[in-house]
Protein chains: 2
Amino acid sequence: MLTERQLLILRAIIDDYIQTAQPVGSRTLSKRDDLSFSSATIRNDMADLEDMGLIEKPHTSAGRIPSEVGYRYYVDHLVEKRIIDERETFRLEERLKESAKESELLIRQAADLLSDLTNYTTVALGPNSQMEKLARVDFMPIDERRGVVLIVTDQGHVEHRTVVFESRVAPDIIEETIRLLNDRLVGTPLGQLKIRIGEEVAKLQLAQRQQYDNMMQLIQSTVGIQTPSSLYLGGKKNIFNQPEFQTIDTLRPFLEWIDEQERLTHWLESLPNREIYVSIGSENGIVALQNCSVITSDYTLDGKTFGTIAMIGPTRMNYRHGVQMMGQIIEALRRTKLEE
Amino acid sequence: MLTERQLLILRAIIDDYIQTAQPVGSRTLSKRDDLSFSSATIRNDMADLEDMGLIEKPHTSAGRIPSEVGYRYYVDHLVEKRIIDERETFRLEERLKESAKESELLIRQAADLLSDLTNYTTVALGPNSQMEKLARVDFMPIDERRGVVLIVTDQGHVEHRTVVFESRVAPDIIEETIRLLNDRLVGTPLGQLKIRIGEEVAKLQLAQRQQYDNMMQLIQSTVGIQTPSSLYLGGKKNIFNQPEFQTIDTLRPFLEWIDEQERLTHWLESLPNREIYVSIGSENGIVALQNCSVITSDYTLDGKTFGTIAMIGPTRMNYRHGVQMMGQIIEALRRTKLEE
DNA sequence: TACTAGCACTCATAATTAACGAGTGCTAAT
DNA sequence: ATTAGCACTCGTTAATTATGAGTGCTAGTA
């Protein structure tokens, strides 16, 4: 159990260290207005805090820095989540509205806003389109041997793909195939189209059909349509300003990791569904991020669950500000409606 | 005028420096098999080369390093362009074929191959779709108030966009508008759609029409379709292995510059149209790339002019290998046909 | 004349040492 | 329970010294 004063000291150490990135000494602390004790008294308490594992010293004659356990305590006990500053939220809403025409834009804007607000790097992931259901398939001929397949999802997303046939295709064959696809696949989540069509085709014994090759080509093209995951990175260059990332050895793993879109997407998707979650230092289990903390949150848009947004900074990040800004932005997003 | 031996020495210095990134001394050179002169003799020639501005010394007691003028001489006189190794080119063709289904993929693959081959960073730009001409506009309804506009270009590119109308739209109004767009805009380069439609709409005096708002909405959506420039970056992390980019001060400008897609695209587009062009050090005029050299080339695909590809490395780059690999890849691309 | 051996000189780099000072832990006094 | 005082630690910085790779120049040789 921490005494009142120890709590004050812990808090002061972390606040100070967050700002300066330098170990904090007892004398520095005793000069603060909110700590009217002598440096010796503070030293005693610091020794206790160190015994409890909340702070540590880089070496004998340096001040103390918070340990991961210390940050954890700080975040759990001393950071208030969900304090909404109405004026600020309103301002964010206004900025978001400018981009409310397309969800892509909105995601970018949210990520950019959050990184501007905090000076950390942000990653935002849009809705997982693999879960959206097929609402409609259509086809539009370009010339005798080419055309465009279109798919529309229940969320109103559209994707297309050009198909090139081996030979000339009769319009009625195309029409029939499209009808078939609509009959059999509407309502199927995009992620399962390929599996689903296997079953259906097997049932139908299409092999006997005229123009089997062309039909199959059309079908394969349709189920092979890629829905790009809408991932957006904001404020990547902020990392260059962090004192703990001033050497190649620390910078390189971070940059290489963040540039790997695929992995980043999987990571975001694998995060537990929560409102605002803080992962401190090595807690995240990613080697490249062992000196980083991450604040993540799922967000909703116009009430509907939409995606995930994350903020990545050094372990010595400003948790209070970060958590608050994250709260603001997801609240602003919640209140924003897509224009459609 | 350079003597035979001075040429040999210049070449040896550059070859050596390219490999080691260390200033080259006279004794080191005299130990080479192809330079059977005493170090003193070499020193004399080095002094001459320095007077001519081809090499320089970082400080009195170091060896020599090539100057930008020296590299220029080397590239212009000692690097053979267009030496095609048929077997290697064939191998590249094979690898490219795997991705010949879509031009996007092909561009990625070409950039990746080139960066794997050279260990430098590559940037590839696809065709400038602003120059492609509109071949066709079409519309597909989703529900009463929404639908998808499609445009097809003369190169077979397809783009789409969702349109949301203010109110219910009669199918014949849509049909008419689409017909109008096709009549008036087919053949117009995508980059000029907006200007063009202004003129046409003015002529037509649509204002009197029923459902004017919805028609305009459809028209605006169509001409507002963005054609994403297909830019692809390969081997970005190669830069981390270059000894001249081991400090934040050199690394940061490079990474910040390369991450700015927009600027990168403009830069590539602004390059002079040539087959293989080498820009050495500060020649490129870009501050962030003042210590980089760039090998650029336009490339053709299946005979048609297609885009630009660039290779970026430190000024101390392996020009011979770089130029040769660039030659191979554009030759391989020239021989590749898109599957359509 | 063209080349080479030899030598004094230069200067970045690495290693060593010394001075500094921020910070600590402990003890004794209040 | 708190604080003043003091000896001690140890990372950082500056100053000093060696080291050696490389140079330019001169004088000698083929």
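Basis for what follows: all heavy atoms, side chains included, without hydrogens, waters or symmetry-related copies. Just so we're on the same page: letters track the sequence lines, and every chain starts at 1.
Whole-Å rounding puts the A:D45 CG to D:dT3 P distance at 11 Å. One interatomic measurement links the two molecules: CD of B:E50 to P of D:dC25, which rounds to 11 Å at whole-angstrom precision. Rounded to a whole Å, the CZ atom of B:R27 is 14 Å from the P atom of C:dT4. For A:M46 and C:dC26, the CE to P distance is 15 Å, given to the nearest whole Å. Separating the CZ atom of B:F37 from the P atom of C:dA5 is a distance of 13 Å, rounded to the nearest angstrom. What separates CZ of B:R5 from C1' of C:dT4 is a distance of 11 Å, to the nearest Å. Nucleotide D:dG22 holds its P atom 10 Å from the CG atom of B:L29, rounded to whole Å. Rounded to an integer number of Å, the gap from A:Y17 OH to C:dG23 P is 14 Å.
In this structure, the nucleotide among C:dC26, D:dG24, D:dT3 sitting nearest to the side chain of A:R43 is C:dC26. Residue B:H59 has its side chain nearest to C:dC11 when only C:dC11, D:dG22, C:dG25 are considered. The A:S61 side chain lies nearest to D:dT9 when the options are C:dT24, D:dC25, D:dT9. Closest to the A:S38 side chain, of the nucleotides C:dA12, C:dT4, D:dT3, is D:dT3. Set against D:dT9, C:dT10, C:dA12, the side chain of B:T60 has C:dT10 as its closest nucleotide.
Among the heavy atoms of the strands lying under 4.0 Å from B:A40 is at least one base atom, whether or not backbone atoms are also near.
Here the rule is side-chain contact (heavy atoms from CB on, under 4.5 Å) with B:Y74, and of B:I280, B:D15, B:V69, B:L54 only B:D15 fits it.
Ring centroids of A:F240 and A:F245 are separated by 6.0 Å or more, keeping the two rings apart.
Distances shown here put every side-chain N or O of A:S39 at or beyond 4.0 Å from the OP1 or OP2 atom of D:dT3. OP1 or OP2 of D:dA21 has not a single side-chain nitrogen or oxygen of B:K57 nearer than 4.0 Å.
If you find the closest nucleotide of DNA chain C to B:T41 and to B:P58, the one lying nearer the 5' end belongs to B:T41.
Using a cut-off of 4.0 Å between Lys/Arg side-chain N and Asp/Glu carboxylate O, A:R64 and A:E50 are scored as salt-bridged. A salt bridge links B:K236 to A:D259: at least one charged side-chain nitrogen sits closer than 4.0 Å to a carboxylate oxygen.
B:F37 carries B:R5 over the face of its six-membered ring, with the cationic atom under 6.0 Å from the centre and within 45° of the normal.
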